[in-house]
Every structure is written in C-alpha cells, then in structure tokens.
Amino acid sequence: MSEQDVTGNNFLRGIIRKDIEEGRLSGSLVTRFPPEPNGFLHIGHAKSICLNFGLAEHFGGQCHLRFDDTNPAKEEQAYIDAIQEDIQWLGYQWAGPVRYASDYFDTLYDYAVALINAGKAYVCELSAEQAREYRGTLTEPGRNSPFRERSPEENLAEFEAMRNGEYEEGAKVLRAKIDMSAPNINLRDPIIYRIRKQTHHQTGDKWCIYPTYDFTHGQSDAIEGITHSICTLEFEDHRPLYEWFIENLPVPAEPKQYEFARLNINYTVTSKRKLKALVDENIVAGWDDPRMPTIAGMRRRGFTPAALRHFCEMVGVARSEGIVDMAMLEHAIRDDLDKNAPRAMCVMDPLKLVIHNYPQGQVEQLGAPGHPNRDDLGERQLPFTREVYIERDDFREEANKKFKRLVLGKKVRLRNAYVLLAEQVVKDEQGNIVEVHCSYDPDTLGADPSDGVKPKGVIHWVSASEGRRATVRIYDRLFNHASPDRGGEDFLEHVNPDSLSVVEDCWIEPGLANCAPESRFQFERTGYFVADRYEHSAEQPVFNRTIALRDSWGKAEA
RNA sequence: UGGGGUGUCGCCAAGCGGCAAGGCACUGGGUUUUGAUCUCAGCAUUCGUAGGUUCGAAUCCUACCACCCCAGCCA
C-alpha cells in the first residue's frame, strides 16, 4: 500500500476489503456517481466523485456516471452537460456510456407491475394533504389508506390508466404496500410512482408517470451491477426501503447501500438549492462565478483538479458530521500552486519610481527564473527601465526597522533586479506622494552591494514604459458568517458585500499578457492568480485572484 | 414522548482491550533576492458525562447528556 493509500484510507475501503477477502464480491467492484441534473456540481459532490471513482480505481473496479433523472420538473440538459465537463475536468472518466435512470423507465414500470401482481403495491387516490394525514407523525403510527386493499386486477388497470394519462397530476399515485405503523416513516407505504405531465429531457413525452427516487435508485443500481451504492447520511433511513425493493423485486443483483457524512465547509454553503438562489437572485454572476463553491466556479477561480482531489483526501471520509475549515481548502490550492505555478510580477496600486541615474530610454532585459526552485519552468525576461512602478504600500517616508520595504533614505532590492536607494519624494498640492526619486546601484544585479550591507527587503516592480495594463479581480469569501445557513435566518443576509473588487489599473510584466486563458501564476509577494477562462485576452488581460499568499506580516500588523 | 445516526486537540481524522497517528490552524527558532516556500520544535496525562468489567478501557457493559437526520406526489 502506497503512502497515498494510507492517507486515503477510510471505513468504506475497510468494508470493501472485507467483502473481497470473504468472497462476497463475485466480480469486481462497481460504484456509481448519481447526480440529479438540477444544478451544477459543488465541492461536496467533488468529495463524492473522489470517493466513488477513487474507490473503483483503488480496487481495480469501475465507476459509472448515472444521472438520477426522475423529476423532469427540475432538470435540464444544460446541467447534464456541465456535470460531465466537471467530472472530466477533475480527472475522472466513467466506465461505459453516460447512463440515466430514465434508461430504466421501462424496466421500472415492469417492476411496479410485478409488485402490483404480488399484492405489494396499490394505486391510492388520497390527495397529498390526506396522504400526509394518513401517514401519522414521528410519534404516532399512520393509518391504512382506504385504497390499500384493492385487487391486483383493479390496481393494474388503474396504474395503466395513470400511465395512459387518464388522470390529472396529483390525482393518483402508486404506493408500495409495506407498513403504515412502521416507526421508520419511509416504510409507511411510500409513493413509488406519481403523475407528472412534463416533457422529460431524455424520454420526451413518452411518460406522464415517473418513479420516485426510492423506487428508482436501488433498482438502477441492481440493473447496472453496482456492488456498493454510496450515498450521504440523510439516506440512511431509506436503506430499509432500498433493501425491501431489492428483496421484493426480480432484480438481477443485490447491491448494498452505505452512507458517509457529507462535506460542509465554513463561510460557504453546499446545497444546490442555496447555490441556485445565489444565481437566481443575481448575487453572483452565475453557477461558475469564481466565488461559488461549485466545481466550475472553483475552476474559474483558479483551483486545480489536483488541489481539489488532495483536499478531498485530506478531509477524509467518515460518518460523523462536521464543518471543515476553509483554511484546509486554501492550504490545498496554495500547496499545489506554490509547487507548480510560474512566478510573475504585478503591481496593483502603482507608485512611480524614477531612477535618475539610469539612462533615459534604455531598456535592459533581465533574466528571471520562472520558479525559484524549479529549473524546468524556465526563465523569463523582465524589461528594466528608468521608470518603474512599485506598490504604493511598499514605500514609506519613515518606518521602523520591522518594515522591510522601501523607506526614504534607505535601500531595498527590486526583485530579480537592482538595489535601489530612495532619495526624494515628490508630492502634489494635497500632499499625496506622486513619485519617488531613487538611484540604483549598477553592481547589484545578482550580487550584494559592495559595502556588504544587504538590503532588508525585496519588493516587486514593473517597468512603467514596458509593462502592460491588466484588470485584476480580487475575490474574498462569499459569506461573512462562518455558518451562513445555520439558524432560522435567511442565509442571504450573510452575503459578504465585498466579496469581489475589481482593480482596473494594474501593471503586469509584458510577457504575462500573452498567456492562455486558465494559465496560473504566482504574482510574487501577492498571491496566486489565473487568467480568466472566458474574459482574458492579450489585448485586455484579466486575472482572477485564486488565493492570497500566506501573510504572517499582515497578520502581525493587524 | 417514535425511528435512525454521531460524539477523540480550535477544525478534519486515525484508533477496534495494552500504554492517543496524521493533516489544517496556531506558537517559537533557522534558511531565503517572495514578510511566500522550505525546515526544526511545540501543541489531547486524555478520548461527551457518570458508573461498572479487566492486571490494563478511547476501545467491552450500563445509564445519562449533547448534536444531526426523517412526517415531499424532491433527491
């Protein structure tokens, strides 16, 4: 077992290992990832994807992609397309074709008929409201429906009439006949087919009755030969029902359901309903807005598939519910990008430096490493000129010795370039610093000053004449509350009003403008950035900040 | 007051009767042309609580407490 296997170990691997050892697995392991196409996939789904595909990979089995499309009212083809793209972007490929629960509607219908013939299902005409009443409560048993004892013949005719569109939506349903006094409410004659006069994105108008999740999921698993059907904890109460159908229907296999705790992360929400609300209320620009915890959003934000996979591994798989610290996700992406992102320089709040002893008009190409400790990332050329921009925040007229940047009368090193001495400050009538006049030491390229005094600080810069303009979008957490969806309050009240700030007048080193969309960089001393997937161009460069660099100084200052 | 779950460091999470892994966060030292990275060190005498069994318990038993899920013709 490799080291990665050890960290990726979890109770499900233990169960499967045991199933293999004790001969319960006739063939190989088959899992499935079963999204409903009613929204984009989010980080919580990423955990499930990594788990299901990861398990299959680990045990040499396979993982299917099956859309759980039993509710045409909420589903769309656009989501189906986006979901497939997300899974593949994460680095996984499902075995065989894309599958749909709707592929099995005919079989499911036959199963329903079989249940009716066995006297284990009946058509019920109770209204939704009546059905709720008859169901009882958590503490009181339910009562039998007055339609419970219809004959199989009558039920068959009724069910067929339902299928033929002879009844209105809600008029009748097909129910499994189990036990109205079961302490588990899911067993109180659950509804297994309902009338929905809706066009389905896969089956068109072939059906006007659709099976419910409970009647669909386990049977679909059985049809596909899924061996381990892994879902989240809230389906635990459905397991007895899942098993009941498997036992009472002529299914070709006996899959087993296992549950794990879903992923929660603080300062965000992981619920399709809430994410959809953010989109519908125009709080974000869409499902793939870089602030969204969707896979597409994180991709646009600059996350890498590897970071997401590593994060899922770090978080682990267990049955106890918790809330993972956003810092863990941030660590995962910083860790990847630090190792792999080429370095570059970008000044976001420019202050002009005039180096009076540097020749006017001269442009000198300085070589700089693409990465401080990865020669394979090559070298880039930085044009150096008499006037350069630095961050306004990197200059002070006076400061204590803890300030390791440019101070009037003191020296600082320009990253990958020369050591500079700040000699004079030029201000406007309001007293704002307009520019700083400096002198440079020509002997300090790749060398310490001859006086042996090494400058304390190193700051980034961009040539004023050779640099390029760029737009940078700074993203912050979408919510300013650790648990935005806790309590009765409306989670939208906790949206961070400053989650996005657009900085138009940034200066980037010239070579950066030509990068391809989705190229990732570390802007030195600042953070990790990605060229926007859709809006970046060489003419108008646009970068999204994925995540800031860790900043112990900023922390100490605050 | 029904049923199903879960409780191990600030946050995840191993552990399955023999003397509490790891990661994140945090704190302190070192290296550094990124206040980054890297690196070294520190960080649960204690495992929801209370009893009990045992030479020995986070691991077994009992009771209690807390939190989560279930009353969609959603998944």
Side-chain angles (χ1 to χ4, degrees), chain A residues 6-7 9-10 14 34-36 38 68-71 73-74 124 126-128 131-133 135-142 169-175 182-188 190-196 210 212-214 216-217 231-240 259 261 263 266 272-273 313-332 334-335 338-339 343 345 368 372-373 402-405 412-417 419 444 446-448 454-460 522-527 548-557:
Chain A
V6 174
T7 58
N9 212 0
N10 59 56
E36 183 188 13
N38 64 345
D68 223 336
D69 56 349
T70 56
N71 187 356
K74 292 185 174 178
C124 180
L126 251 24
S127 69
R132 195 181 321 125
E133 267 172 50
R135 193 152 33 226
T137 68
L138 295 179
T139 49
E140 304 157 27
E169 280 192 20
K172 308 194 179 189
V173 295
L174 182 68
R175 294 227 247 168
N184 180 341
I185 292 179
N186 293 123
L187 263 16
R188 318 240 262 230
I191 288 159
I192 61 180
Y193 261 95
R194 71 288 211 203
I195 299 167
R196 280 277 179 287
Y210 293 93
T212 57
Y213 163 84
D214 284 312
T216 307
H217 204 93
C231 61
T232 44
L233 251 23
E234 66 268 29
F235 291 100
E236 197 160 13
D237 290 342
H238 293 245
R239 194 171 61 220
E259 312 85 18
L263 173 65
N266 58 16
K272 268 197 263 189
R273 203 205 101 236
E313 207 165 78
M314 281 198 290
V315 157
V317 179
R319 285 176 61 88
S320 61
E321 288 186 72
I323 302 173
V324 171
D325 197 326
M326 176 69 88
M328 224 192 272
L329 219 205
E330 296 179 343
H331 167 81
R334 282 197 186 104
D335 191 48
D338 172 63
K339 289 181 178 70
R343 308 287 123 124
M345 292 196 284
N373 32 40
K402 284 170 98 174
F403 186 75
K404 307 195 328 189
R405 312 182 196 179
V412 78
R413 172 174 291 281
L414 253 27
R415 176 75 168 160
N416 296 127
V419 170
T444 52
D448 288 337
K454 198 170 172 174
K456 267 270 184 299
V458 178
I459 61 175
H460 60 280
Q522 182 197 97
F523 288 173
E524 290 190 283
R525 302 211 311 130
T526 307
L549 244 38
R550 277 187 64 199
D551 181 15
S552 53
W553 161 254
K555 247 174 225 167
E557 275 258 290

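Quick note on labels: first sequence line is chain A, next is B, and so on, each numbered from 1. Please read all numbers here as calculations on a predicted model, not as lab measurements.
Note on A:Ser552: only backbone sugar-phosphate atoms sit closer than 4.0 angstrom, heavy atoms only; bases stay farther off. Using a 4.0 Å heavy-atom cutoff across all strands shown, A:Lys454 reaches sugar-phosphate atoms only and no base atom. Among the atoms of the strands shown, only primed sugar atoms or phosphate atoms (P, OP1, OP2) are found under 4.0 Å from some heavy atom of A:Arg135. Within the 4.0 angstrom heavy-atom criterion, only backbone atoms of the sugar-phosphate kind lie near A:Ala318; the bases stay farther away. The residue A:Val317 sits close only to the backbone: its heavy atoms come under 4.0 Å of sugar-phosphate atoms, none of a base. Residue contacts shown for A:Asn416 include a base, since a base heavy atom lies under 4.0 Å away. At the heavy-atom level, A:Thr70 lies under 4.0 Å from the strands shown only through sugar-phosphate atoms. Residue A:Ile459 is out of contact with every strand shown, counting any heavy-atom pair closer than 4.0 Å. A:Gln522 comes within 4.0 angstrom of a base, heavy atoms only. When heavy atoms are screened at a 4.0 angstrom cut-off, A:His238 is found touching base atoms of the nucleic acid. The residue A:Leu126 sits close to a base: some heavy atom pair falls under 4.0 Å. Within the 4.0 angstrom heavy-atom criterion, no nucleotide atom of any strand lies near A:Gly527. Residue contacts shown for A:Val324 are limited to sugar-phosphate atoms, with no base heavy atom under 4.0 Å away. Across all strands, A:Phe523 comes closer than 4.0 Å to no nucleic acid atom at all (heavy-atom distances).
With sequence neighbours left out, A:Glu234 forms a salt bridge (charged side-chain N to carboxylate O under 4.0 Å, His left out) with A:Arg262. Checked against salt bridge (charged side-chain N to carboxylate O under 4.0 Å, His left out), A:Asp551 has no partners two or more places apart in sequence or in another chain. Residues passing the side-chain hydrogen bond (donor to acceptor under 3.5 Å, both in side chains) test with A:Asp448, sequence neighbours excluded: none. Not counting sequence neighbours, A:Lys456 has no partner by the salt bridge (charged side-chain N to carboxylate O under 4.0 Å, His left out) test. Every side chain to side chain contact (heavy atoms under 4.5 Å, CB included) that A:Asp338 has, sequence neighbours left out, goes to A:Arg343, A:Gln522, A:Tyr528. With sequence neighbours left out, A:Asn184 forms a side chain to side chain contact (heavy atoms under 4.5 Å, CB included) with A:Asn186, A:Leu187, A:Asp237, A:Pro240. Applying the salt bridge (charged side-chain N to carboxylate O under 4.0 Å, His left out) criterion to A:Arg525, with sequence neighbours excluded, gives A:Asp394. Residues passing the side chain to side chain contact (heavy atoms under 4.5 Å, CB included) test with A:Pro35, sequence neighbours excluded: A:Phe33, A:Leu41, A:Leu65, A:Phe67, A:Ile83.
A side-chain donor-acceptor contact under 3.5 Å links A:Lys272 to the backbone of A:Glu36.
Look at CG on A:Asp68: it is 8 Å from P on B:A75, rounded to the nearest Å. Note: CG (A:Asn9) to C1' (B:C12) measures 16 Å, nearest angstrom. Regarding A:Tyr213, its OH atom lies at a distance of 14 Å from the P atom of B:C70, rounded to whole Å. For the pair A:Arg175 CZ and B:A71 P, the interatomic distance rounds to 15 Å; values are reported in whole Å. Remark: C1' of B:G72 and CD of A:Glu133 are 16 Å apart, rounded to the nearest angstrom. In this entry the distance linking NZ of A:Lys74 with C1' of B:C73 reads 12 Å, nearest Å. Separating the CD atom of A:Glu140 from the P atom of B:G2 is a distance of 12 Å, rounded to the nearest angstrom. Atom CG of A:Asn186 is separated from atom P of B:C70 by 10 Å (rounded to the nearest Å).
The nucleotide B:G17 finds no pairing partner, because no Watson-Crick or G-U wobble arrangement with both distances shorter than 3.5 Å includes it. In this structure, B:A66 and B:U6 make a Watson-Crick or G-U wobble pair, each of the two defining distances being under 3.5 angstrom. Look at B:G22: its Watson-Crick or wobble partner, with both distances under 3.5 angstrom, is B:C12. Searching all strands for a Watson-Crick or G-U wobble partner of B:C60 with both distances below 3.5 Å returns B:G52.
Listed pair A:His331 / B:C24 meets the phosphate criterion, a side-chain N or O lying under 4.0 Å from OP1 or OP2. Here A:Arg188 does not reach the OP1 or OP2 of B:A71: none of its side-chain N or O atoms lies under 4.0 Å away.
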Please set out all donor-acceptor pairs under 3.5 angstrom arising from side-chain atoms of residues 314-322 of chain A, sequence neighbours excluded.
| unit_1 | atom_1 | unit_2 | atom_2 | d |
| --- | --- | --- | --- | --- |
| A:Arg319 | NH1 | A:Glu259 | O | 3.3 |
| A:Arg319 | NH1 | A:Glu259 | OE1 | 3.1 |
| A:Arg319 | NH2 | A:Glu236 | OE1 | 3.3 |
| A:Arg319 | NH2 | A:Glu236 | OE2 | 2.3 |

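Spacing between B:C11 and B:U49 at atom P, rounded to whole Å, works out to 15 Å. The gap from the C1' atom of B:C55 to that of B:C65 amounts to 31 Å, rounded to the nearest Å. Spacing between B:C38 and B:A44 at atom C1', rounded to whole Å, works out to 28 Å. Between the P atoms of B:A41 and B:G7, the separation comes to 32 Å (whole Å).
An aromatic stacking contact links A:Trp553 with the base of B:G35, defined here by ring centres under 5.5 Å apart and ring planes under 30° from parallel.
To the nearest 0.5 angstrom, A:Arg196 atom CZ is 6.0 Å from A:Asn71 atom CG. Taking CG of A:Asp214 as the start and NE2 of A:His238 as the end, the distance is 5.5 Å to the nearest 0.5 Å. Here the CG atom belonging to A:Asp69 is positioned 14.0 Å from the NZ atom belonging to A:Lys74, to the nearest 0.5 angstrom. Interatomic distance, A:Leu414 CG to A:Ile459 CD1, rounded to the nearest 0.5 Å: 5.5 Å.
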Enumerate the protein-to-nucleotides 7-10 of chain B contacts in which both atoms are nitrogen or oxygen and the separation is below 3.5 Å.
none

Can you pull every protein N or O that's under 3.5 Å from an N or O on nucleotides 67-69 of chain B?
| unit_1 | atom_1 | unit_2 | atom_2 | d |
| --- | --- | --- | --- | --- |
| B:C68 | O2' | A:Glu321 | OE2 | 2.7 |

Short N/O separations, protein against nucleotides 37-41 of chain B, under 3.5 angstrom:
| unit_1 | atom_1 | unit_2 | atom_2 | d |
| --- | --- | --- | --- | --- |
| B:U37 | OP1 | A:Arg550 | NH1 | 3.1 |
| B:U37 | O2' | A:Asp338 | OD2 | 2.7 |

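B:G72 shows a glycosidic angle within 90° of 0 and is accordingly assigned syn.
Contact annotation: side chain of A:Arg405 to base of B:G35, donor-acceptor pair present below 3.5 Å.
Between A:Phe235 and A:Tyr213, the two ring planes are tilted [angle within 30° to 60°].
Taking the nucleotide of RNA chain B with the nearest heavy atom to each of A:Pro372 and A:Val315, the more 5' of the two is matched to A:Val315.
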